[in-house]
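Down below is the structure, laid out as structure tokens.
FYI, side chains are in, hydrogens and waters are out, and symmetry mates aren't considered; it's all heavy atoms of this structure.
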Amino acid sequence: MSSRMALASKEIDFERLVETITEVVLKLLNPEGVKIGSKEWHSLFEDIYRVSTTPTAPEVEVPRFCERMSDLLKKHIEGELTLISEVPRGDFLLTYRTRFNTFCSGLEFIDMGFFYLYRTEEGSGGGTGALHDCSGAGPRPTIKTQLEVGMRIWRELIFDKFKSDLAEEIQTVVLRDREGDVADITSANQAVSSFSKMVVGENAEDTLALYREHFETGFLEQTETYYTRETNRLVETLSAAEYLITASQRLKDEVVRSSRILHESSTEPVDAVLNRCFIVAHREMIETEFRSSLETEGLRSLRLAHGLMKRVEIDMLKRAVEEHVIARGTQQVSSLDSTASTSLPVQYTEALSELHSKYRALIDDAFDGELQFVAALDAGCRAVVNKPIPRGGGGDNALTAPDLLAKYCDLFLKRSKHFASDAEIEEKMNALIVIFQYVDDKDIFQKFYSKMLAKRLIHATSASDEAEGAMISKLKQCCGYEYTSKLHQMFTDTSLSTELNVKFAKTEHGRADRRFKVVVLQSGAWPLGGGPRSTVQLAPALEKSVRAFELFYHSQHSGRKLNWLHHLSSGDVVCHTDSSRYEFAVTTFQMVILMLFNEADSCTVDTIQSSTNLSERELYRTVRSLIATKLLIADPALQPEGEIPGDCTIRFNSKFKSRKKRMRLSAAVQRESTADTKRTVDSVDEDRKSLLQIAIVRIMKSRKVLSYRTLVDEVIRMVAARFKPTVLIIKKCIEDLIAMEYLERSADDTTELRYLA
């Protein structure tokens with residue numbers, strides 16, 4: 001007969017068929033079973049087919065057949081009950097799981113053999129999956145699969161009797177494994193699986209109901225009791241560092257144990273119990289050890305504490321890292337010598353760079369570089385960087401990061417006798433940028449940096465144009481094009497000035513005085529407006545060159561006006577003393593004073609002032625700088641500070657001696673004073689006001705109508721790259737713009753603002 005041909009339906013001998021099927025079913029339920037493909041296996045299919053297709057089925061034969069099969073399963077399970085009841089306590093778990101697995105496997109094979117019966121009943125109107133239960137009343141009772149019927153009987157006869165013993169035996173296996181004894185993990189796992197296997201059928205919406213009710217709940221209670229006692233013992237007998245090691249290993253072991261024995265759905269509740277016992281209950285001790293390990297840089301304890309706490313929450317660890325960075329950073333900054341004005345910027349920047357590098361490496365090593373800890377490091381560094389440093393010597397104004405970082409830039413970008421390679425300069429730039437990113441008042445840094453850059457460009461003291469350009473590019477990456485646009489313009493001006501000087505050198509006066517060079521600056525790009533400017537009466541030779549250049553420049557650019565910044569100018573003078581010839585690099589103010597001594601060996605201060613037309617401030621400052629070099633001598637000697645008497649005589653020191661034949665006398669005058677620093681910081685306030693007003697107008701112009709709160713938030717976001725404005729300052733700017741009729745308050749809602757075109 002072809003395998004594609006159906007078996008023919010015919011009348012059957014019901015009792016003979018049931019007897020034959022019973023024989024095969026019993027073999028399947030016994031451990032030896034029958035192999036798929038054997039004669040009995042095929043006969044089972046044929047016999048079930050005949051029962052299913054007989055003319056009297058399903059109304060008569062199928063219910064009778066199901067009832068006989070149900071009785072057969074019940075009788076077999078009663079035998080299993082007797083066998084399990086008689087085994088010793090120590091063999092109960094192994095026997096139970098062995099007998100259950102054999103029974104379950106047999107039922108699955110039986111269900112495969114009953115395939116025709118189930119399929120016939122589905123096609124007869126019961127619907128997909130609608131089988132018949134011979135125990136029900138009515139002409140067409142619903143049947144259940146043999147697996148469902150068998151499992152129901154097993155639950156009623158065996159499980160309900162031994163469920164407490166079963167749960168207890170599984171817990172005993174787990175306990176033995178926790179204590180390091182030999183434990184039958186396989187039996188425990190298969191016994192756990194039996195809970196869900198017993199729940200089958202179309203009404204089994206929650207196959208884990210038995211597992212949760214009769215095992216998981218009790219297991220979780222037992223686990224919490226065990227580990228509460230165990231962790232308390234560990235805390236009493238071990239040090240905090242040893243506890244972290246032991247707790248981490250015990251947790252890891254329990255997680256592995258749970259995955260080998262329990263259902264996967266128990267992972268979360270078991271973890272919750274373990275977390276309460278090992279971590280939450282001893283959180284304070286873990287935090288204390290974590291903070292102690294930060295102090296001692298104990299990487300192992302840090303890793304272990306992190307591994308434990310991240311199972312619960314790591315906010316506490318993040319706070320500890322941030323507070324530790326702030327404490328260490330504050331300690332390092334406080335230990336710096338704030339009176340060392342020259343070396344302090346280097347000390348400050350390198351100390352903070354080292355601090356950041358150290359703790360970034362620690363975070364990468366101990367916490368796998370998790371972004372939450374990187375954020376904690378950033379917050380700590382930002383707090384340290386933006387904290388003012390008390391000025392040494394009792395000065396009123398505190399030192400700030402923008403000032404110190406700008407001076408640090410000036411030190412390595414300025415040409416000096418200590419040559420730095422490109423790699424060293426790049427390393428210094430990167431270190432500075434790391435700290436610069438944490439500065440809130442980036443606009444103040446820009447002020448200081450641009451002033452120092454201006455001096456380097458004007459006096460041609462930059463180490464290299466490439467280094468200057470690289471530094472500006474890094475600032476641009478951090479803060480955007482607008483932040484560095486004026487810095488770029490300063491470079492453009494110096495390039496154009498070089499070309500202009502080449503053209504001037506070709507003129508008659510330029511050929512006569514090739515040493516005369518001019519840098520033409522755009523007033524809007526260069527930070528040269530701070531502080532009062534002093535007039536000066538130039539020496540005739542200088543005055544002639546100045547006028548010649550003005551004529552040349554106006555011939556090249558009509559309609560432009562030149563304002564000479566003599567306080568930023570410099571030059572070289574040759575000086576002959578009794579013993580030698582010297583060449584001095586001096587400021588223009590120093591130059592005009594020194595040239596007076598070509599006509600006389602001594603002058604009074606009043607004479608110097610009338611001859612040079614310098615302001616008192618610049619006169620005193622310049623004279624003191626020349627006296628400090630011992631090139632000039634005051635008679636009588638001057639006080640360290642204050643005014644210089646007008647009748648004080650200043651003499652040229654013809655006996656001046658120095659091993660250096662070329663000296664720079666302008667450094668003392670060009671060095672920025674505390675007052676200059678204060679003026680620079682104060683000028684930022686006006687710039688901020690303008691920037692905030694521009695931001696407000698831009699936002700309102702695009703949005704037209706906006707609530708006060710929303711406008712403030714958007715303004716803060718817009719200027720955040722330059723500084724952090726206070727709400728009070730923004731409010732003042734809004735009021736000013738309302739007064740200037742750029743904005744108005746809504747008549748219906750006073751918290752709403754409107755843009756006036």
| Should Asp364 and Arg360 count as an ion pair when the cut-off is N to O under 4.0 Å? | yes
| Under 4.0 Å between a Lys/Arg side-chain N and an Asp/Glu carboxylate O for Glu168 and Lys163? | no
| request: Could you grab the distance from atom NZ of Lys724 to atom CG of Asn386, nearest 0.5 Å is fine? | output: 7.0 Å
| task | Report the C-alpha separation of Tyr226 and Glu179 in whole Å, then their side-chain angles, then the decisive distance to 0.1 Å, and conclude whether the side chain to side chain donor-acceptor pair (under 3.5 Å) test is met. | result | CA-CA 11 Å; Tyr226 175 82; Glu179 299 294 340; 2.8 Å; yes
Identify the two heavy atoms, one from [X] and one from [Y], that lie closest to each other, and give their separation to 0.1 Å.
X      : Y      : result
Val270 : Ser258 : CG1-OG, 3.5 Å
Ile699 : Ser702 : O-OG, 2.9 Å
Asn189 : Arg260 : ND2-O, 2.9 Å

So, does [X] use its side chain to make a donor-acceptor pair with the main chain of [Y] at under 3.5 Å?
X      : Y      : value
Ser357 : Glu354 : no
Ser266 : Leu262 : no
Asp365 : Ala361 : no
Thr710 : Leu706 : no

Before we go on, tell me: are the rings of [X] and [Y] under 6.0 Å apart, centre to centre?
X      : Y      : value
Tyr359 : His324 : yes
Phe162 : Tyr96  : no
Phe159 : Phe195 : yes

